[in-house]
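The structure appears right after this line, and notes come after that.
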Protein chains: 2
Amino acid sequence: MKIDELQFTVLTQPGAAPLYRLVKRALLRVIESGQCRPGLALPNEADIATAFGVSIGTLRRAVDELVHEHVLVRRQGRGTYVALHNSDRFMFQFFHVEPRPDPRYADVVPKREYPMVECVAFERERASEADATALRIQPGEPVFRIDNRLSLGGRAVVHDRISVAAQMFKGLTEKRLLDRPSTIYNLYQTDFGITVLRAQERTRACVADATMSRLLGVANGMPVLEVHRLALTFGEKPVEFRVSTVNTLHHDYVSVLS
Amino acid sequence: MKIDELQFTVLTQPGAAPLYRLVKRALLRVIESGQCRPGLALPNEADIATAFGVSIGTLRRAVDELVHEHVLVRRQGRGTYVALHNSDRFMFQFFHVEPRPDPRYADVVPKREYPMVECVAFERERASEADATALRIQPGEPVFRIDNRLSLGGRAVVHDRISVAAQMFKGLTEKRLLDRPSTIYNLYQTDFGITVLRAQERTRACVADATMSRLLGVANGMPVLEVHRLALTFGEKPVEFRVSTVNTLHHDYVSVLS
DNA sequence: CCCAATTTGTTCGTATGTATA
DNA sequence: TTATACATACGAACAAATTGG
């Protein structure tokens, strides 16, 4: 990507936010607008800085924040890239289920494992009340509903029920979903230009109903974890509402507070 | 705190980590050593920079990282302080239980509420296997065991079973625990010089046993959330092992992935 | 294998703005 | 008002990683 192919504006009104934040927002607009697709390199820092009419230090500060928010990725000697959702980094930013460690080998860090994903159902339905409030659409509006089953070490551990607004994912089909080469968030990004930046989760303990006990191979009435996740993109816009049901008999939901 | 009262060293061997990281570690050593107690201000940036023999930009970069890790707090026009564990910020860094929002009022952000804490038991016991592996001590070594019950809106929601090495908390008594003016992590910090920086959690769904159903007022056999938390201080040293049992009938365990 | 070009990473120093006491 | 301290912005020089010749 060359600097003279980019359309941008840096609104520099006095008394507003610091300059590096204006630059950051300008960069965000460039990225959101799709002028610089995920995976592509930005022009080099010196060129962007002069094009924006700011010093290189100011530009670097703006880029620093975007790197920290996983919007950009820097590689010394190569360039700065729009972040792609296919690396381990992004896979495990949103997948937190791990086998429970054997207490006898406490110091052994359990190796994070890629889940095997199996699509159980793909439907076009009408948004439920819960879908609608989460996705900020009207109840009854069309949604795609995807049911996936995730396995670790050959054992079914997680069931995901995913709802996305059909409006936002025009042309999504079961085939395209099944043929995706990487994660589902990578599909959102490459095929629909939607980048999931962060997610809110609400977790609770529930009892496995008949369907879940069948899908996860647990006894009926066993306690399971239920995680309600709302995934957001730029501007806090909701992208996906997902209810994950986790069999925590042999696995844990892990997180780090820092 | 004046600059000439500080003992410090900046090991600057060529080929090592970048200078700002060496400065960061030097600052960490100063803080860990207790020369600068939590709540106190550091000397101003210019003085620290000249004392360390680095530029102000380099020092600021080191401080930036420590601020990001909640070790330091900056206040424009006032100074830079060693972070204290008494603010909302730190309270809610480690407390994530919120009332379940009414779906009819989805846009209303539930106001975060301070839990009412009630000490149910305080004992000096011997470390179990689980305590020992988590806290990296020998099984049978003395530990303090604290059982707390937390209520939100007058309803008991969480039970915490806390284990800490007696070795590390010499002189802890039930009275000192009960008389604490703020959170328990604030007590660790002010009375024992131990700052909890981050924590790892493993969450699973369980069935309430007789004790828990009594303490939390849930029916026997109801599903509850069980959160195993290991709290860490400087150098990844374990401080506290805690098992939280959460009644998620009317509350959620919330988190943000970003 | 080494060299040169390119790009980000680190460090320096200075000047000015803004919040606080 | 004044002094102090952090915040922002600028620009230069060199280091380190990467790539391609």
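Reckoned from all heavy atoms, side chains included, excluding hydrogens, waters and symmetry mates. Model, not experiment: these values are computed from the prediction.
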(message) Just to be sure I understand the geometry, which residues of residues 63-73 of chain B put a non-hydrogen atom under 4.0 Å away from DNA chain C?
(response) none
(request) Applying side chain to side chain contact (heavy atoms under 4.5 Å, CB included), name anything that partners A/Glu118, two or more places apart in sequence or on another chain. (result) A/Arg149
With 3.5 Å as the limit, what N/O pairs link the protein to nucleotides 19-21 of chain C?
from, atom 1, to, atom 2, distance (Å)
C/dA21, OP1, B/Arg78, NE, 3.3

(request) State which residues pass side-chain hydrogen bond (donor to acceptor under 3.5 Å, both in side chains) with B/Arg37; sequence neighbours excluded, sorted by chain then number. (result) none
(message) My understanding is that only residues two or more places apart in sequence, or in another chain, count here; which of them pass side chain to side chain contact (heavy atoms under 4.5 Å, CB included) with B/Thr183?
(response) B/Met91, B/Tyr185, B/Asn186
(message) Looking at C/dC12, I'd like to know if its phosphate oxygens (OP1 or OP2) sit under 4.0 Å from a side-chain N or O belonging to B/Thr58.
(response) yes
(message) Which residues pass the side chain to side chain contact (heavy atoms under 4.5 Å, CB included) test with B/Ala46, not counting sequence neighbours?
(response) B/Asn44, B/Ile56
(request) Using a heavy-atom cut-off of under 4.0 Å over every strand shown, decide if A/Arg61 touches base, sugar-phosphate, or nothing. (result) sugar-phosphate
(message) Checking B/Thr195 now: which residues fulfil side-chain hydrogen bond (donor to acceptor under 3.5 Å, both in side chains) with it, not counting sequence neighbours?
(response) B/Gln189
(message) Heavy atoms only, 4.0 Å cut-off, all strands: where does A/Gly57 land among base, sugar-phosphate and nothing?
(response) nothing
(request) Kindly write out the residues that satisfy side chain to side chain contact (heavy atoms under 4.5 Å, CB included) with B/Glu69, not counting sequence neighbours, or none if the list is empty. (result) B/Lys24, B/Glu65, B/Leu66, B/Val71
(message) Could you work out, with side-chain hydrogen bond (donor to acceptor under 3.5 Å, both in side chains) as the rule, every residue matching A/Arg100, not counting sequence neighbours?
(response) A/Asp252
